Amino acid sequence: MSRLVSFTDRLQRSATGLPWRDDDSDDGSDERQNGWTRYLPLCILLALMVAPHPSLLLILVNHYLRTLHEPITFLVHLCVSYTLTFLSFTSLVICVIRDPGPVCPSKPAQEDSQISARDEIGLREALMGPPGDTDDDEINPLKWCRKCWAPKPERTHHCSLCGRCVLKMDHHCPWLGGKCVGHRTYPSFFHFITCITTFSAYVAYLAGTAFWWSFNNPTLVLDQVTPLHELFLFCAGVIFGLVVGSFMIYHIYLISTNQTTLESLSPFLLLRFLPPLPSSLHLSDPPMEHELSYTQRRLVREAHRTVKLYNLGWQENWAQVFGWNNHGGWVPRILYGGASPGDGRCFPRNPRAHDMLQKLAGALETADKEA
């Protein structure tokens with residue numbers, strides 16, 4: 001009874017906007033990040049982004065202007081380098097200041113007599129779900145966050161570090177000031193790592209060619225310091241290009257297959273979408289990972305390699321992240337990545353996913369009988 005009273009109290013607090021603390025959630029307690037320490041990785045990231053520029057300017061001036069006397073080449077390298085730097089900072093700012101995906105968008109104040117019936121979700125509806133002929137996922141108990149006590153749309157996840165749900169959550173990133181990457185910030189995040197990778201590769205090429213020239217023409221080098229800066233920038237560009245570039249390649253794969261990082265690394269999320277299993281298996285609906293046998297878990301992991309619930313083909317998948325409807329939509333995509341189209345709550349599914357899930361359910365039933 002105490003849990004029922006607690007549930008009622010939280011629903012009332014959610015409706016009135018009062019704060020509450022989730023102390024008895026089944027999913028464990030939130031570990032929210034507070035204080036200035038959450039911004040320490042962001043400060044380190046900013047320092048790493050600014051650090052190579054003094055050496056870069058020194059190489060451009062000493063090598064291309066004072067040694068080779070090529071002002072046009074100098075201007076080209078200067079413009080390309082600082083254009084990539086500017087684009088990196090614009091997308092980083094968007095990732096930090098923009099909400100990654102609010103589940104409950106703010107609404108203007110309304111009179112009590114004008115509150116819609118949808119905003120007044122009763123206790124019985126929240127517990128038992130909608131009637132059989134109603135397809136309202138927001139009050140379905142399987143899509144109700146037991147931490148926020150609020151509707152949990154499709155592909156939404158609760159972040160224990162942020163203490164909130166995020167639409168189409170990809171991952172929690174400490175380098176962004178301890179914020180999540182979600183539906184509204186994922187294009188900017190991909191734009192950021194792409195610009196960083198391109199900048200690192202460009203700096204490595206620029207510094208590497210300058211160092212090779214200095215190595216082959218030691219008598220023409222102005223001083224002994226410039227080659228050291230060239231070697232330093234070349235090594236730094238290669239290291240950061242490989243590290244961030246591998247991350248970028250992984251996200252190219254995720255976008256091409258319409259997955260988030262959480263969906264890619266969590267094979268047992270498929271259990272939420274399985275059709276009802278026979279009661280003889282003695283499993284929950286949907287089944288939980290710890291309830292499965294070793295063989296059943298192996299079957300789920302193998303199925304996860306081929307079952308891509310939202311994969312509609314690489315062109316449609318990329319359009320879901322970077323698509324636009326107006327004529328000037330390409331401008332924000334270039335400047336900072338833009339924003340994903342849609343509301344981040346409903347997503348079309350792979351038409352073959354249903355048959356694949358049916359096949360997985362049958363394999364789980366067969367494995368239980370053979371055990």
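In this text, all values refer to a predicted model and were calculated from it rather than measured experimentally. Just so you know, residue 1 is the first one in the sequence shown, and it goes up from there.
Within 6.0 Å of the CZ atom in F215, the count of heavy atoms belonging to other residues, nucleotides or ligands does not exceed 12. Surrounding CZ of F89 are more than 12 heavy atoms belonging to other residues, nucleotides or ligands, all under 6.0 Å away. Heavy-atom contacts from other residues, nucleotides or ligands closer than 6.0 Å to OH of Y310 number more than 12. For Y39, the OH atom counts as loosely surrounded, since its 6.0 Å shell holds 12 or fewer non-hydrogen atoms of other residues, nucleotides or ligands. Within 6.0 Å of OH in Y250 there are more than 12 heavy atoms belonging to other residues, nucleotides or ligands.
For the atom pair SG (C95) and CD1 (I193), the distance works out to 9.5 Å, reported to the nearest 0.5 Å. Rounding to the nearest 0.5 Å gives a distance of 5.5 Å between CG of L56 and OH of Y82. Here the NE2-CZ distance, from H251 to F189, works out to 4.0 Å after rounding to the nearest 0.5 Å. Atom OG of S246 is separated from atom CG of L242 by 7.5 Å, given to the nearest 0.5 angstrom. Rounding to the nearest 0.5 angstrom, the gap separating the NZ atom in K179 from the CG atom in L161 is 14.0 Å. Rounding to the nearest 0.5 angstrom, the gap separating the OG1 atom in T260 from the NE2 atom in H171 is 10.5 Å.
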- Message: Set out, in order, the CA-CA distance, both residues' side-chain angles and the distance that settles side chain to side chain contact (heavy atoms under 4.5 Å, CB included) for T85 and V50, then state yes or no.
- Response: CA-CA 9 Å; T85 302; V50 175; over 6 Å; no
- Task: For salt bridge (Lys or Arg N to Asp or Glu O under 4.0 Å), just list the numbers for E154 and R349, CA-CA rounded to whole Å, side-chain angles, deciding distance to a tenth of an Å, and then say yes or no.
- Result: CA-CA 11 Å; E154 192 172 12; R349 293 188 183 178; 2.9 Å; yes
- Query: Passes side chain to side chain contact (heavy atoms under 4.5 Å, CB included), N258 versus L309? Steps please.
  - Reply: CA-CA 8 Å; N258 208 333; L309 292 177; over 6 Å; no
- Worked check of side chain to side chain contact (heavy atoms under 4.5 Å, CB included) between L167 and R155: CA-CA 7 Å; L167 292 176; R155 306 184 82 175; over 6 Å; no
- Derivation of the ring pair (Phe, Tyr, Trp, His ring centres under 6.0 Å) call for Y202 and H77: CA-CA 9 Å; Y202 190 80; H77 288 316; 5.6 Å; yes
- I would like to know whether L57 and L78 meet side chain to side chain contact (heavy atoms under 4.5 Å, CB included); could you show each step before the answer? CA-CA 8 Å; L57 288 174; L78 187 69; 3.9 Å; yes
- Decide salt bridge (Lys or Arg N to Asp or Glu O under 4.0 Å) for R164 and D99; before the verdict, give the C-alpha distance in whole Å, the side-chain angles of both, and the deciding distance to 0.1 Å. CA-CA 11 Å; R164 53 165 290 184; D99 192 301; 3.0 Å; yes
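Inspection of the N62 and T226 side chains reveals an N or O donor paired with an N or O acceptor under 3.5 Å. Defined by atom type and a distance below 3.5 Å, a donor-acceptor pair is present between the side-chain atoms of E230 and S214. Side chains of S264 and Y253: no donor on one and acceptor on the other come within 3.5 Å. Donor-acceptor pairing under 3.5 Å is recorded for the side chains of T261 and D170.
When hydrophobic clusters are built by joining Ile, Leu, Val, Met, Phe, Trp and Tyr residues whose side-chain heavy atoms come closer than 4.5 Å, directly or via intermediates, V80 is grouped together with V61. Note: the hydrophobic cluster containing L65 also contains W213 (ILVMFWY, side chain heavy atoms under 4.5 Å, direct or indirect links). The cluster map of Ile, Leu, Val, Met, Phe, Trp and Tyr, joined by side-chain heavy atoms under 4.5 Å apart, puts V76 and F74 in the same cluster. Linking Ile, Leu, Val, Met, Phe, Trp and Tyr whenever their side-chain heavy atoms come within less than 4.5 Å leaves W144 and L269 in two separate clusters. Clustering ILVMFWY residues whenever any of their side-chain heavy atoms sit less than 4.5 angstrom apart, transitively, puts I255 in a cluster other than the one holding I334.
Here the side chains of F190 and I252 are in contact, with some heavy-atom distance below 4.5 Å. Inter-residue side-chain proximity for K152 and K147 is flagged as unmet; no heavy-atom pair is nearer than 4.5 Å. Using a 4.5 Å cut-off on side-chain heavy atoms (C-beta onward), Y186 and V321 make contact. The shortest distance between side-chain heavy atoms of H158 and C148 falls below 4.5 Å. The shortest distance between side-chain heavy atoms of F347 and K168 falls below 4.5 Å. Side-chain atoms of W314 and W318, non-hydrogen and from C-beta on, do get closer than 4.5 Å to each other. L206 places a side-chain heavy atom less than 4.5 Å from the side chain of L60. You'll find the side chain of Q320 stays beyond 4.5 Å of the side chain of P341, heavy atoms only.
In this structure a side-chain-to-backbone donor-acceptor pair under 3.5 Å is missing from R98 to T185. Looking at R272, its side chain never comes within 3.5 Å of a backbone N or O of P286 through a donor-acceptor pair. With hydrogens and angles ignored, the 3.5 Å screen pairs no side-chain donor or acceptor of H191 with any backbone N or O of G338. Remark: the backbone N or O of G329 is paired with a side-chain donor or acceptor of N326 at under 3.5 angstrom. The backbone N or O of L87 sits less than 3.5 Å from a side-chain atom of T90, completing a donor-acceptor pair. Remark: side-chain polar atoms of E302 are not paired, donor with acceptor, to backbone N or O of L299 under 3.5 angstrom. When atom types are taken as modelled, the side chain of R184 and the backbone of D343 share no donor-acceptor pair closer than 3.5 angstrom.
Of the residues N350, T257, N317, the one that meets the side chain to side chain donor-acceptor pair (under 3.5 Å) test with N311 is N317.
The ring of H304 has its center no closer than 6.0 angstrom to the ring center of F268. Taking the six-membered ring for Trp and the full ring otherwise, H69 and Y64 have centroids separated by 6.0 Å or more.
Heavy atoms only, all atoms of each residue included: C195 and S88 are closest at CB-OG, 3.2 Å. Heavy-atom minimum distance, F199 versus P52: CE2-CG, 4.4 Å. When all heavy atoms are compared, the tightest approach of I59 to A210 is CG2-CB, 4.1 Å. In terms of heavy atoms, G337 sits closest to P187 at O-CB, 3.1 Å. L312 approaches P348 most closely through the heavy-atom pair CD1-CG, 3.5 Å. Pairing each heavy atom of A367 with each of T295, the nearest pair is CB-CG2, 3.9 Å.
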Anything under 3.5 Å between a donor and an acceptor, one on a side chain of residues 355-362, the other on a protein residue two or more places apart or in another chain? List them.
unit_1	atom_1	unit_2	atom_2	d
Q358	NE2	H354	NE2	3.4

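Side-chain contacts under 4.5 Å among hydrophobic residues (ILVMFWY), followed directly or transitively, place M169 together with V166, L262.
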